[in-house]
Amino acid sequence: MMRDRFTNEYIAMTAGAMLIVAGIMAITIRDSKPYILGWIFGCLISMAMFKLMFFTLTRAVEKTEKDATTFTRIHYFLRFLLYAVVLVVAAKAEYLSLATTFFGLLAVKNVILMRNLFDYLRRKKGGGF
């Protein structure tokens, strides 16, 4: 499915960014294990939630307006609850950094924003970027 390829492209870019940032943390931070594990944990949850959002929206399109509203609202709150659980786990677990888990949860969003920024700059400069 074409749209599924679109979401998979963002997930692949996020996975690449996750590995690059984890490598930088491993090189620059002493005792970096909790930071790296928190970052990877947050990124993986972020990618899973992005895919879950895709599945929710593709299923909602097939429903009536009222059913789609209820369906998306329920799934939104379930995702919100899962984010809360992830942050509580990261806060309680000694081996995870809460801060890097939080920033990992924003990874897909930041990848999308950066990709759109680079696409905009490339178009503005006439493809020479």
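Positions are given from 1 along the sequence. Quick note: numbers below take in every heavy atom, side chains included, and nothing from hydrogens, waters or symmetry partners.
In this structure, the side-chain contact (heavy atoms from CB on, under 4.5 Å) partners of Leu57, at least two apart in sequence or on a different chain, are Met53, Thr72. Checked against ring pair (Phe, Tyr, Trp, His ring centres under 6.0 Å), Tyr35 has no partners two or more places apart in sequence or in another chain.
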(request) Test side chain to side chain contact (heavy atoms under 4.5 Å, CB included) on Lys51 and Asn8 and set out the steps. (result) CA-CA 8 Å; Lys51 196 66 166 180; Asn8 288 339; 2.6 Å; yes
(request) Decide side chain to side chain contact (heavy atoms under 4.5 Å, CB included) for Arg79 and Thr56; before the verdict, give the C-alpha distance in whole Å, the side-chain angles of both, and the deciding distance to 0.1 Å. (result) CA-CA 11 Å; Arg79 283 193 314 274; Thr56 299; 3.8 Å; yes
(request) Apply the test side chain to side chain contact (heavy atoms under 4.5 Å, CB included) to residues Leu52 and Met49: give CA-CA distance (whole Å), side-chain angles for both, the deciding distance (0.1 Å), then the verdict. (result) CA-CA 5 Å; Leu52 191 63; Met49 292 295 192; 4.2 Å; yes
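The OG1 atom of Thr101 sits 10.5 Å away from atom CG of Leu44, with the distance rounded to the nearest 0.5 Å. Rounded to the nearest 0.5 Å, atoms CG (Leu105) and CG (Leu87) are 5.5 Å apart. In this structure, CG in Leu117 is found 10.5 Å from NZ in Lys124, a value given to the nearest 0.5 Å.
Side chains of Asp67 and Thr64: a donor-acceptor N/O pair is present below 3.5 angstrom, by distance only.
With contacts defined as side-chain heavy-atom distances shorter than 4.5 Å, the pair Met114/Val111 does not qualify. Taking the side chain as every heavy atom from C-beta outward, Phe103 and Val21 never approach each other to under 4.5 Å.
In plain terms, the two heavy atoms of Thr100 and Met25 that are nearest each other are CG2-SD, 4.2 Å.
Under the 4.5 Å side-chain heavy-atom criterion for Ile, Leu, Val, Met, Phe, Trp and Tyr, Met47 and Leu82 are members of the same hydrophobic cluster.
Ring-plane geometry between Phe80 and Tyr76 is classed as parallel, the angle between the planes falling under 30 degrees on a 0 to 90 degree scale with a further cut at 60.
Using a 4.0 Å cut-off between charged nitrogen and carboxylate oxygen, Arg123 and Asp119 do not count as a salt-bridge pair.
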